[in-house]
Structure formats: C-alpha cells, structure tokens
> 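This is the structure I want to talk about, given as structure tokens.
As a basis for the values below, the full set of heavy atoms in this structure was taken, side chains included, without hydrogen atoms, waters or symmetry mates. Remember, predicted model here, so these are calculated numbers, not experimental data.
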Amino acid sequence: QVQLVESGGGLVQAGGSLRLSCVASGYTFSSRAIGWFRQPPGKEREFVAVINWRSYYADSVKGRFTISRDNAKNTVTLQMNDLKPEDTAVYFCAVRGTVASANYQDRNSYEYWGQGTQVTVSS
C-alpha cells in the first residue's frame with residue numbers, strides 16, 4: 001500500500017529555518033505530483049507547495065519555501081526559511097490522484113496523505 005513517512009518538524013524561532021522530508025512508497029513515485037499542505041490550529045487545511053516537473057507555491061510562502069524531489073530516493077523535501085509565527089501548523093505530505101482537478105490547490109485532488117508533522121514557530 002501507499003505510505004508517506006514525514007520527518008523534520010519541530011520548534012524554531014521566528015526567522016529560523018527547518019527542512020521537512022517525506023519518503024514515499026507503494027506507487028511509481030515519478031508518475032505523480034507530490035506536495036505539502038498545512039493545517040494551522042483551528043483552521044482548514046491549506047495548500048503550501050506541489051512539484052511534478054515544475055514547482056508551485058502558495059503566495060504566503062513564495063520566496064521563503066522551496067520544494068524539491070529526488071526520484072531516486074522517492075523523497076520530497078520542503079525547505080522552509082525565514083519562518084514566521086503564522087507558519088505554525090501541522091504539515092502534511094500528499095500525493096496527487098490519477099484523476100484530479102486542474103486546480104493543484106484543491107485538497108480533494110490528492111489521493112494519499114501522510115500522518116503530519118508539527119511545525120511551531122515562536123516569536
């Protein structure tokens with residue numbers, strides 16, 4: 001079965017950096033787009049970034065976060081720089097479905113999800 005194993009979450013001060021990683025298995029990694037969503041406390045899950053052969057970012061993280069993938073290692077990484085308190089959230093790795101909407105920001109177009117990893121940014 002498909003598995004997504006995340007790591008790298010933690011506590012960091014504002015202005016600091018963290019790198020999240022997600023190791024995927026159970027499907028042909030290179031055949032699907034893969035990305036990150038996040039869910040701040042008390043809020044809906046929101047799109048962060050996605051990558052296939054190109055990368056796309058939410059406006060709120062553009063210029064600060066970088067998504068990358070290593071097809072040989074079945075791994076997607078989210079490098080987060082200049083972190084802000086509003087970045088505090090549970091971050092989820094997600095794999096896009098085979099039949100998906102044209103809108104890559106749509107949660108419903110993603111088929112598989114990781115367990116989530118907590119990122120906390122202090123003031």
Side-chain angles (χ1 to χ4, degrees):
Q1 73 277 13
V2 173
Q3 292 190 88
L4 305 174
V5 181
E6 300 157 322
S7 62
L11 174 65
V12 66
Q13 291 184 328
S17 298
L18 283 174
R19 183 167 64 182
L20 306 182
S21 295
C22 172
V23 180
S25 62
Y27 72 103
T28 303
F29 182 80
S30 61
S31 69
R32 304 249 204 135
I34 187 167
W36 295 90
F37 284 72
R38 68 185 183 186
Q39 188 164 13
K43 298 182 179 180
E44 293 289 315
R45 195 168 299 185
E46 65 184 22
F47 171 78
V48 177
V50 66
I51 184 169
N52 199 348
W53 67 92
R54 296 181 65 182
S55 303
Y56 302 89
Y57 299 90
D59 289 341
S60 59
V61 307
K62 195 172 298 182
R64 299 188 297 121
F65 291 11
T66 302
I67 188 171
S68 61
R69 66 189 295 163
D70 185 338
N71 289 337
K73 297 181 178 180
N74 289 3
T75 300
V76 62
T77 299
L78 186 69
Q79 177 66 47
M80 305 184 294
N81 298 326
D82 191 25
L83 283 161
K84 304 175 180 180
E86 51 263 43
D87 295 319
T88 295
V90 178
Y91 284 70
F92 298 89
C93 179
V95 177
R96 205 128 193 261
T98 56
V99 180
S101 71
N103 185 2
Y104 52 80
Q105 297 178 306
D106 180 9
R107 298 191 307 267
N108 294 323
S109 70
Y110 292 77
E111 185 174 2
Y112 303 110
W113 296 82
Q115 76 285 354
T117 184
Q118 177 70 47
V119 172
T120 302
V121 184
S122 62
S123 301

> Nearest 0.5 angstrom please: Leu20 CG to Met80 CE, how far?
3.5 Å

> Could you walk me through whether Leu78 and Thr66 pass the side chain to side chain contact (heavy atoms under 4.5 Å, CB included) test, one step at a time?
CA-CA 6 Å; Leu78 186 69; Thr66 302; over 6 Å; no

> Nearest 0.5 Å please: distance from the CG atom of Leu4 over to the OH atom of Tyr27.
6.0 Å

> Given the rule that I, L, V, M, F, W and Y join up when any side-chain heavy atoms are under 4.5 Å apart, are Trp36 and Val23 in one cluster?
no

> With a 6.0 Å cut-off (strictly less than), is the heavy-atom count around CD of Gln13, excluding the residue itself, greater than 12?
no

> Are Asn71 and Arg69 close enough that a side-chain donor and a side-chain acceptor fall under 3.5 Å?
yes

> Do you know which two heavy atoms are closest between Ser21 and Thr77, and how far apart they sit?
OG-OG1, 3.8 Å

> Once you round to the nearest 0.5 Å, how far does OH of Tyr112 lie from CD of Gln3?
12.0 Å

> Locate the shortest heavy-atom distance separating Asn52 from Ser30; write the atom from each residue and the value.
OD1-O, 4.2 Å

> Looking at Ser17 and Gln79, what are the two nearest heavy atoms and their distance?
CB-NE2, 4.0 Å

> Do Tyr110 and Val50 touch side chain to side chain, with heavy atoms closer than 4.5 Å?
yes

> Hydrophobic clustering (ILVMFWY, side-chain heavy atoms < 4.5 Å, transitive) - are Ile51 and Leu18 grouped together?
yes

> Could you grab the distance from atom CH2 of Trp113 to atom CD of Glu6, nearest 0.5 Å is fine?
10.0 Å

> So do Glu111 and Val95 actually touch side chain to side chain, heavy atoms under 4.5 Å?
no

> Do Val90 and Leu83 sit in the same hydrophobic cluster, where Ile, Leu, Val, Met, Phe, Trp and Tyr count as joined when their side-chain heavy atoms come under 4.5 Å apart?
no

> Return the minimal non-hydrogen interatomic distance between Val119 and Gly9, and the atom names on each side.
CG2-CA, 4.2 Å

> What distance separates Ile34 CD1 from Cys93 SG, expressed to the nearest 0.5 Å?
3.5 Å

> Write down the atom of Phe29, the atom of Val76, and the distance for their closest heavy-atom approach.
CZ-N, 4.3 Å

> Would you say Gln118 and Thr120 are linked by a side-chain donor-acceptor pair, where the criterion is simply a distance under 3.5 Å?
yes

> Among pairs that include at least one residue of residues 39-83, which meet ring-ring contact (aromatic ring centres under 6.0 Å, His included), considering only residues two or more places apart or in two chains?
Phe37-Phe47, Phe47-Tyr104, Tyr56-Tyr104

> For Pro40 versus Ala89, what's the shortest heavy-atom pair and its separation?
N-CB, 3.6 Å

> Under 3.5 Å, is there a donor-acceptor pair linking the side chains of Thr75 and Asp70?
no

> Supply the atom-to-atom distance Phe92 CZ to Cys22 SG, rounded to the nearest 0.5 angstrom.
12.0 Å

> According to salt bridge (Lys or Arg N to Asp or Glu O under 4.0 Å), who are the partners of Lys43, at least two apart in sequence or on a separate chain?
none

> Is it true that Arg38 and Glu46 have a side-chain N and a carboxylate O under 4.0 angstrom from each other?
yes

> Donor-acceptor check, side chain of Arg96 to backbone of Ala33, threshold 3.5 angstrom: yes or no?
no

> What residues, two or more places apart in sequence or in another chain, satisfy salt bridge (Lys or Arg N to Asp or Glu O under 4.0 Å) together with Arg64?
Asp87

